[in-house]
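Comments concern the structure below.
Count residues from 1 along the sequence.
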Amino acid sequence: MKQGKQTKLWLELIVIAASVFGLMLLIYFVMIVSFQSGVQSNDITMRLAVRVAEVVFDEPTDEQIKTTCLMIRYGAHLGLFFVVGAVTAFVSMVLCRRYFRILGVLGSGLICYVLAYYTEYYKQYIDGRHFQMSDVSLNWYGSLAGIVCMVASYFLNRLLVKLSS
């Protein structure tokens with residue numbers, strides 16, 4: 001019996017360590033992407049926008065390419081921070097147990113908001129980049145959606161376990 005408890009404890013520690021390590025790698029990736037120079041960031045997005053516009057439109061105009069570029073940028077903000085929100089909520093739910101999970105989820109929301117705001121705030125100090133509150137909002141909404149999905153999956157999982165018993 002004692003061996004089973006030790007194995008479970010080690011497994012929990014491995015899951016916690018892997019979760020925290022994964023979150024740190026994700027935050028590092030967000031920082032790298034956020035702190036690219038304006039020329040580098042715009043070049044990557046425009047090349048992708050041209051390819052997407054050529055698939056969607058027969059002969060894309062400059063306006064269609066610019067609109068596609070804007071949609072890619074909005075989607076990148078939402079998508080990247082959705083993953084950040086989901087992973088942060090997962091880590092907080094792994095670390096915090098019982099009623100403390102509520103505090104963990106609220107803490108993950110705070111961490112996501114701070115990350116969403118300051119990744120945009122520091123862009124004003126990068127050559128060719130600037131601060132936009134609309135990007136902060138996109139980051140925050142993406143994070144919030146990720147947190148909500150993670151919490152909903154937690155409750156759905158608990159419901160399914162309860163129904164299967």
Side-chain angles (χ1 to χ4, degrees), residues 15-96 101-157 160:
V15 168
I16 289 170
S19 301
V20 171
F21 181 71
L23 178 61
M24 292 299 122
L25 282 177
L26 183 61
I27 290 173
Y28 178 71
F29 176 73
V30 169
M31 294 299 176
I32 287 175
V33 170
S34 295
F35 297 146
Q36 290 177 332
S37 72
V39 172
Q40 193 177 20
S41 175
N42 193 41
D43 184 46
I44 292 169
T45 308
M46 282 305 285
R47 279 189 283 147
L48 184 59
V50 167
R51 287 184 182 174
V52 170
E54 287 173 348
V55 170
V56 174
F57 306 106
D58 291 331
E59 291 184 31
T61 64
D62 285 341
E63 190 63 34
Q64 290 170 330
I65 293 172
K66 287 179 185 177
T67 303
T68 305
C69 181
L70 189 63
M71 293 300 112
I72 289 171
R73 284 194 171 278
Y74 286 170
H77 281 280
L78 288 169
L80 182 60
F81 276 87
F82 176 87
V83 173
V84 168
V87 170
T88 306
F90 175 78
V91 170
S92 75
M93 292 171 76
V94 166
L95 292 176
C96 301
R101 277 203 173 106
I102 296 168
L103 293 175
V105 170
L106 292 175
S108 68
L110 179 66
I111 289 169
C112 286
Y113 183 77
V114 168
L115 189 62
Y117 183 82
Y118 282 104
T119 53
E120 289 301 319
Y121 176 78
Y122 284 112
K123 283 183 183 178
Q124 64 188 335
Y125 301 110
I126 298 172
D127 190 35
R129 303 292 293 264
H130 53 282
F131 175 82
Q132 286 187 316
M133 196 61 188
S134 62
D135 287 350
V136 173
S137 298
L138 287 170
N139 293 348
W140 171 238
Y141 292 143
S143 294
L144 197 58
I147 292 169
V148 167
C149 284
M150 185 54 64
V151 170
S153 71
Y154 169 76
F155 283 115
L156 183 62
N157 182 41
L160 291 174

Taking every non-hydrogen atom, the tightest pair across [X] and [Y]:
X      : Y      : answer
Arg101 : Met93  : NE-O, 3.0 Å
Ala86  : Met150 : O-CE, 3.6 Å
Ser37  : Ile126 : CA-CG2, 3.9 Å
Leu138 : Leu78  : O-CD2, 3.3 Å
Pro60  : Ile65  : CB-CG1, 4.0 Å

Measuring from atom [atom1] of [X] to atom [atom2] of [Y], what distance do you get when rounded to the nearest 0.5 angstrom?
X      : Y      : atom1 : atom2 : result
Tyr74  : Asp135 : OH    : CG    : 7.0 Å
Ile27  : Leu115 : CD1   : CG    : 5.5 Å
Ile111 : Thr88  : CD1   : OG1   : 6.5 Å
Asn139 : Leu80  : CG    : CG    : 7.5 Å
Ile147 : Leu106 : CD1   : CG    : 9.0 Å
Tyr125 : His130 : OH    : NE2   : 15.0 Å

Is it the case that more than 12 heavy atoms not belonging to [X] sit under 6.0 Å from its [atom1] atom?
X      : atom1 : result
Leu25  : CG    : yes
Phe29  : CZ    : no
Asp127 : CG    : no
Tyr154 : OH    : yes
Glu59  : CD    : no

Glu54/Arg51 ion pair, N-O < 4.0 Å: no
Ion pair check, Asp43 and Arg47, cut-off under 4.0 Å: yes
Aromatic ring proximity, centroids under 6.0 angstrom, Phe131 and Tyr118: no
From CA spacing to verdict: side-chain contact (heavy atoms from CB on, under 4.5 Å), Glu120, His77: CA-CA 11 Å; Glu120 289 301 319; His77 281 280; 3.2 Å; yes
Worked verdict on Cys112 versus Val84 for side-chain contact (heavy atoms from CB on, under 4.5 Å): CA-CA 7 Å; Cys112 286; Val84 168; 4.1 Å; yes
Test log, rule side-chain contact (heavy atoms from CB on, under 4.5 Å), inputs Arg73 and Asn42: CA-CA 10 Å; Arg73 284 194 171 278; Asn42 193 41; 4.1 Å; yes
Look only at the side chain of [X] and the backbone of [Y], and say whether a donor-acceptor pair between them is shorter than 3.5 Å.
X      : Y     : result
Arg129 : Gln36 : yes
Ser34  : Met31 : no
Ser41  : Gly38 : no

Member of Tyr121, Phe81, Trp140 meeting the ring-ring contact (aromatic ring centres under 6.0 Å, His included) criterion with Tyr113: Trp140
Derivation and outcome, side-chain contact (heavy atoms from CB on, under 4.5 Å), residues Val52 and Ile72: CA-CA 9 Å; Val52 170; Ile72 289 171; 4.3 Å; yes
Stepwise salt bridge (charged side-chain N to carboxylate O under 4.0 Å, His left out) check, Lys66 with Glu63: CA-CA 5 Å; Lys66 287 179 185 177; Glu63 190 63 34; 5.3 Å; no
